[in-house]
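First the structure, in the form of structure tokens, and then the observations on it.
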There are 2 protein chains.
Amino acid sequence: MNNIRVFLVDDHPVVRAGLRAMLGDLQGITVVAEAADGGAALAGLAKLHTLGEPADVVLMDLQMGAGMDGVTATGRIKAGEAGQPAPPVLILTTFDSDADILAAVEAGASGYMLKDAPPEQIRQAVLSAAAGGTALAPEVAARLMGRIRNPEPALSVREIQLLELLATGMGNRAIAKQLFISEATVKTHLVHIYGKLGVDNRTAAIAVAAQRRIIRRP
Amino acid sequence: MNNIRVFLVDDHPVVRAGLRAMLGDLQGITVVAEAADGGAALAGLAKLHTLGEPADVVLMDLQMGAGMDGVTATGRIKAGEAGQPAPPVLILTTFDSDADILAAVEAGASGYMLKDAPPEQIRQAVLSAAAGGTALAPEVAARLMGRIRNPEPALSVREIQLLELLATGMGNRAIAKQLFISEATVKTHLVHIYGKLGVDNRTAAIAVAAQRRIIRRP
DNA sequence: CCTGCGATCAACCAAAAGGTTGATTCCGCC
DNA sequence: GGCGGAATCAACCTTTTGGTTGATCGCAGG
């Protein structure tokens with residue numbers, strides 16, 4: 001059986017319709033179900049599973065809130081159901097910030113594509129993911145390559161996390177609470193961040209991080 | 001002739017496909033052309049015009065860069081070609097910041113819808129725009145109402161100037177030097193800015209200002 | 001002409017952020 | 001098994017910001 005069964009997850013009906021139209025026309029690919037958010041996606045996946053018709057690939061939009069959870073949760077299905085491997089998750093999103101990419105890869109996504117990619121690229125990514133491979137948009141791949149090549153200040157995941165909260169205007173105290181750590185630790189992280197970004201205050205850190213696309217700005 | 005001729009403008013092939021599928025099914029609506037950016041859109045509109053088959057509605061995504069220009073430019077067609085009215089422009093975007101909405105309305109858009117709106121709402125908006133009416137997404141309408149009820153204090157030119165330097169990560173001392181004023185004055189301005197933006201520190205001010213598009217971010 | 005507002009500055013105090021030193025724990029790696 | 005890096009926290013100190021009060025100047029509008 002070489003018909004690839006795709007599960008769409010995106011909160012925009014327009015985008016779902018687009019993907020459906022775009023992928024549905026292609027022979028060998030069938031869109032078997034859709035969901036508007038992470039919760040519905042998990043329910044849908046479970047249902048398909050019990051029907052004995054599991055999806056082969058999950059195509060998921062990455063939103064700040066529930067998106068990431070979706071990936072990790074999908075991964076957890078794998079752990080729970082021993083014999084049945086979880087479908088690979090292919091992220092399809094608008095932004096290409098380091099923070100997003102790293103988070104997605106770390107959460108176990110097997111691909112990261114941008115929404116403005118040409119249809120053919122998206123199709124290829126789906127095929128590749130279904131075959132157990134990985135698929136990165138050229139822009140994303142380039143960014144990752146750059147990260148490894150440049151011994152440039154490699155920020156840790158935690159530090160990027162911090163940076164993101166920083167950019168929302170939160171004070172050290174608020175950040176500490178949010179991350180369940182002490183203010184002292186926040187300050188330590190900040191000192192490290194400043195050092196790595198070659199900067200000496202939080203505002204400049206945000207400016208540099210945003211410019212280097214370490215964090216996203218909508 | 002009651003067949004509505006729609007022109008799609010969106011840089012995401014996925015979204016264009018979605019809209020095409022979503023609107024094309026509906027009787028009385030035909031998607032006659034598409035474009036990926038403002039420039040191509042203008043060229044396409046002109047071409048349709050010379051063919052004697054002008055579009056009735058332009059459905060346009062609003063991107064930071066060229067999107068807004070597209071609306072104004074479309075408006076300019078109207079001014080140029082005396083007898084031929086320009087097609088109404090319906091904005092369809094992801095974000096609903098005050099600045100975006102205001103800018104769109106000011107530029108002459110005849111509608112502002114959000115991409116996560118249900119298909120039916122989008123169809124209604126297209127029909128309404130084609131009929132010469134306006135269409136606002138409920139969320140957008142609510143936001144506008146809120147603005148009228150309690151208008152946000154406008155920042156002075158000087159204050160925006162400050163904000164811009166602020167966003168580069170400069171300290172008060174540096175800003176003072178740059179603007180040839182004293183640190184005291186910088187602080188005074190900042191206090192005013194914080195008040196107007198409803199914020200209490202510089203980082204949050206930048207976040208809000210950026211979100212409201214009060215300052216640029218490349 | 002007077003009122004209001006933007007821009008400018010000063011002095012002062014409280015709070016937050018920045019910087020340093022040092023210490024602990026938990027990893028992964030050679 | 002030890003080495004180094006990431007993450008965590010504490011105590012202490014300096015600098016920067018934030019917040020307040022009050023004052024001067026110039027210009028636009030009623």
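Computed over heavy atoms, backbone and side chain alike; hydrogens, waters and symmetry mates excluded. All values reported here derive from a predicted model rather than from experimental measurement. In what follows, every chain begins at residue 1, and chains take the letters A, B, ... in the order their sequences are listed.
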Within a strict 4.5 Å, meaning less than it, do heavy atoms of the [X] and [Y] side chains meet?
X	Y	value
A:Ile29	A:Val126	yes
B:Arg202	A:Arg202	no
B:Ile122	B:Leu92	yes
A:Phe7	A:Met60	no
A:Ile214	A:Leu197	yes
A:Ile91	A:Tyr112	yes
A:Leu166	A:Ile175	yes

At their closest point, which heavy atom of A:Leu162 faces which heavy atom of A:Val186, and how far apart are they? CD2-O, 4.0 Å

Taking any heavy-atom pair under 4.0 Å as a contact, classify A:Thr185: base, sugar-phosphate, or nothing. base

Tell me, please, the opening and closing nucleotides of DNA chain D, 5' to 3', among those with an atom under 4.0 angstrom from a non-hydrogen atom of chain A.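 Contacts span D:dA7 to D:dA10, reading 5' to 3'.
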
Check A:Asp10 with A:Lys115, please: is the shortest side-chain N to carboxylate O separation under 4.0 Å?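 A salt bridge links A:Lys115 with A:Asp10.
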
Heavy-atom nearest nucleotide on DNA chain D for B:Thr188 versus B:Val199: which residue maps closer to 5'? B:Val199

side-chain hydrogen bond (donor to acceptor under 3.5 Å, both in side chains) evaluation trace for A:Ser182 with A:Thr185: CA-CA 5 Å; A:Ser182 80; A:Thr185 305; 3.2 Å; yes

Polar atom pairs between nucleotides 24-29 of chain C and protein, under 3.5 Å, N or O only, would you list them?
none

Determine, for nucleotides 13-18 of chain C in 5'-to-3' order, which nucleotides have protein heavy atoms under 4.0 Å from the base (write B), from only the sugar-phosphate (write S), or from neither (write -). ---SSB

